[in-house]
Amino acid sequence: MTYASEMKFMQSVFEKSRLQTRVLDIDVDTELNVSEDINDILVERDIYFVKNNSPRPEPNVVYKLTDQYSRTFVFFQLPQTDGRMVMLIGPFYHVEMTQKKISVLAEKAAPGPGFKSIMDKYFMSIPYIPKESHIFVMLDTFFELIWGGIDAFTTIDLNVDRPGGSFMQFRREPTDPEKTAWNMQIMEQRYSYENELMNAVAHGQIHKSELLLSAFSTIAFEERSSNPVQNTKNYCIIMNTLLRKAAENGGVHPVYLDSQSSLFAHKIEKLMSTAEASSLMTDMFRSYCRLVRKHSMKHYSPPIQKVVAAIDFDLTANLTLSSLAAMQNISPSYLSALFKQEVGKTLTDYVNSKRIERAMQLLETTRLQVQTVAQNCGILDVHYFSKIFKKTTGMTPKEYRASVTGDLGSKK
């Protein structure tokens, strides 16, 4: 296949979104075999269900099949395979699910009382992919590639809402050990997914974390409270803790983590509905990723990490070379050489640049007098402050404030 590398890339992206893809031979009969593994049985039923509830795929046609359990599958014939090979994507939801909806579906799908908990876990594991997701933009682009343009393919929607379905022919009731194995497998998958999310955050990979988060749903996690809002809050608290640790693993000092974590703790406490949790969760992931990108000190040695953190923690402190060296119990000359080597500028220049950054922020957002701004940045001599401010920005503090606020009558 001339598009094999593109297909491999697409499958890899889908896998990170917890979206299953399979390539099937349409001419090989799919039978309900006697596998005793619950996961194998469920996968087998998916394939059997799609093959027996849809027409034989035609070239250049994309089929979207939605069943009575709100699951959607996408499948299409792969070119250059003599019409035999089909790619099957799914299942996924196009509509957001709730614990209540999942429970109703599980009750409907379970062929016996012993299957209710299995069906609960299965439906919870299915990702929610909204119709406007970038996933479908990528998929449409893939179709254009393999078929030669945006007008070269059509999409057919299929709906199966009759009774029955892909879960009605289990061979027998599962034993307790089989249920335990299935529950453990689901839990392992969940933790693996969480670990990949945390790894993306630890590397400051905003786009990758958003890709992974796009398939995230709080229904995939165990209820710890009968109150849906409290249950959502509980999970947000857990995620805030995990994200804080991920950012710490990414080289962010606790000085920066503490304020970020506290901010989100307050926001979580104020959640009034489960709907608010989704946007808050996205904000949390983005913020911790940005924190890693801005404040990661993995490439610094431990002494420089502590010095940089101390500078950022309190710009009004005594940040001379000798005081910071004494804090590390090392000689000023050693600290000076090490700092220049790792940071790329002298310690004094670094401190001044941080103080001027803070001053610019205060001049833009407050009406504080220039002398007060200087003091808040750790510079008591206003004339020296104005000198290094102009050296850095090309303007005096007053001129800078006027340029960004348009306020020519600002205080000196």
List the steps, then state whether side chain to side chain donor-acceptor pair (under 3.5 Å) holds for Gln375 with Thr316.
-> CA-CA 7 Å; Gln375 291 171 351; Thr316 66; over 6 Å; no

Intermediate values then yes/no, salt bridge (Lys or Arg N to Asp or Glu O under 4.0 Å), Lys267 and Asp283 = CA-CA 11 Å; Lys267 289 185 176 182; Asp283 188 25; 3.5 Å; yes

Tell me, with the steps shown, if Tyr400 and Glu364 meet side chain to side chain contact (heavy atoms under 4.5 Å, CB included).
-> CA-CA 8 Å; Tyr400 179 79; Glu364 292 172 18; 2.3 Å; yes

From CA spacing to verdict: side chain to side chain contact (heavy atoms under 4.5 Å, CB included), Gln369, Val373 | CA-CA 6 Å; Gln369 293 184 0; Val373 170; over 6 Å; no

Go through the steps to decide whether Ile311 and Leu315 satisfy the test side chain to side chain contact (heavy atoms under 4.5 Å, CB included), and finish with yes or no.
-> CA-CA 6 Å; Ile311 293 168; Leu315 288 170; 4.0 Å; yes

Evaluate side chain to side chain contact (heavy atoms under 4.5 Å, CB included) for Ile356 paired with Phe385, printing each intermediate quantity in order.
-> CA-CA 9 Å; Ile356 297 307; Phe385 168 71; 4.2 Å; yes

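No donor-acceptor distance shorter than 3.5 angstrom exists from the side chain of Tyr256 to the backbone of Val292, with no hydrogens or angles considered. The backbone N or O of Arg293 sits nowhere less than 3.5 Å from a side-chain atom of Ser296 that would complete a donor-acceptor pair. Distance alone, capped at 3.5 Å, places no donor-acceptor pair between the Gln77 side chain and the Val86 backbone. Formation of a donor-acceptor pair under 3.5 Å by the Arg401 side chain with backbone atoms of Leu363 is found in this model. Between the side chain of Gln305 and the backbone N or O of Met297 there is at least one donor-acceptor pair closer than 3.5 Å. The backbone N or O of Ser70 sits less than 3.5 Å from a side-chain atom of Asp67, completing a donor-acceptor pair. Judged by distance alone, the side chain of Ser323 and the main-chain N or O of Asn318 form a donor-acceptor pair under 3.5 Å. At least one donor-acceptor pair closer than 3.5 Å links the side chain of Arg355 to the backbone N or O of Cys377. In this structure, the side chain of Asn60 engages the main chain of Ala152 through a donor-acceptor pair within 3.5 Å. In this structure, the side chain of Thr392 engages the main chain of Ile388 through a donor-acceptor pair within 3.5 Å.
Contact check for Lys390 versus Met395: no side-chain heavy atoms found under the 4.5 Å cut-off. A 4.5 Å side-chain heavy-atom check between Thr66 and Phe73 finds every atom pair outside the cut-off. Using a 4.5 Å heavy-atom threshold, the side chains of Met360 and Phe389 count as touching. Side-chain contact between Leu335 and Ile304 is present, with heavy atoms from C-beta onward closer than 4.5 Å. Between Thr72 and Leu65 the shortest side-chain heavy-atom distance does not fall below 4.5 Å. The side-chain heavy atoms of Val62 and Thr154, taken from C-beta on, include no pair separated by under 4.5 Å. Looking at heavy atoms from C-beta onward, Pro254 lies out of side-chain contact with Arg244 at the 4.5 angstrom threshold. Residues Met281 and Phe285 are in side-chain contact: their nearest non-hydrogen atoms beyond the backbone lie under 4.5 Å apart.
Here the CD1-NZ distance, from Ile102 to Lys100, works out to 13.5 Å after rounding to the nearest 0.5 Å. Taken from CG in Asp312 to NZ in Lys294, the straight-line distance is 8.5 Å, to the nearest 0.5 Å. A distance of 13.0 Å separates CG of Asp120 from OH of Tyr122, quoted to the nearest 0.5 Å. Atoms CG and CZ, on Leu362 and Arg367 in that order, are 14.0 Å from each other to the nearest 0.5 Å. Summarising the geometry, atom CG belonging to Leu319 is positioned 12.5 Å from atom NZ belonging to Lys354; distances are rounded to the nearest 0.5 Å. The CE atom of Met85 sits 7.5 Å away from the CG atom of Leu78 when rounded to the nearest 0.5 Å.
At most 12 heavy atoms of other shown residues, nucleotides or ligands fall within 6.0 angstrom of atom CZ in Phe9. Shown here is Asn329, whose CG atom has no more than 12 heavy atoms of other residues, nucleotides or ligands within 6.0 Å.
A donor atom on one side chain and an acceptor atom on the other are not found under 3.5 Å apart for Lys306 and His253. A donor atom on one side chain and an acceptor atom on the other are found under 3.5 Å apart for Asn240 and Tyr288. Side-chain contact annotation: Glu342 with Ser301, donor-acceptor N/O pair under 3.5 Å present. Between the side chains of Ser386 and Thr396, no donor-acceptor pair of N or O atoms lies under 3.5 Å. For the residue pair Thr21 and Glu15, no side-chain donor N or O sits within less than 3.5 Å of a side-chain acceptor on the partner.
The aromatic rings of Tyr350 and Phe339 stand perpendicular to each other, their planes meeting at an angle above 60°, with 30° marking the opposite boundary. Between Phe123 and Tyr69, the ring planes lie tilted relative to each other; the angle falls in the 30° to 60° range. Using the six-membered ring where Trp is involved, Phe76 and Trp147 have ring planes that are perpendicular, over 60° apart on the 30 and 60° scheme.
Of the residues Thr348, Leu347, Thr346, the one that meets the side chain to side chain contact (heavy atoms under 4.5 Å, CB included) test with Leu321 is Leu347. Put simply, the residue from Gln11, Met10, Arg18 that forms a side chain to side chain contact (heavy atoms under 4.5 Å, CB included) with Phe14 is Met10.
What you find for Leu19 and Pro127 is that their closest heavy atoms are CD1-CG, 4.2 Å. Across every non-hydrogen atom of Lys270 and Glu276, the tightest pair is O-OE1, 4.2 Å.
Both the sub-6.0 Å distance and the 45° axial angle are not jointly satisfied by Lys131 relative to the ring of Phe92.
Using a 4.0 Å cut-off between a side-chain N of Lys or Arg and a carboxylate O of Asp or Glu, Asp46 and Arg71 qualify as a salt bridge. The pair Asp27-Arg56 meets the salt-bridge criterion, since a charged nitrogen lies less than 4.0 angstrom from a carboxylate oxygen.
Between Tyr93 and Tyr128, the distance from one ring center to the other does not fall under 6.0 angstrom.
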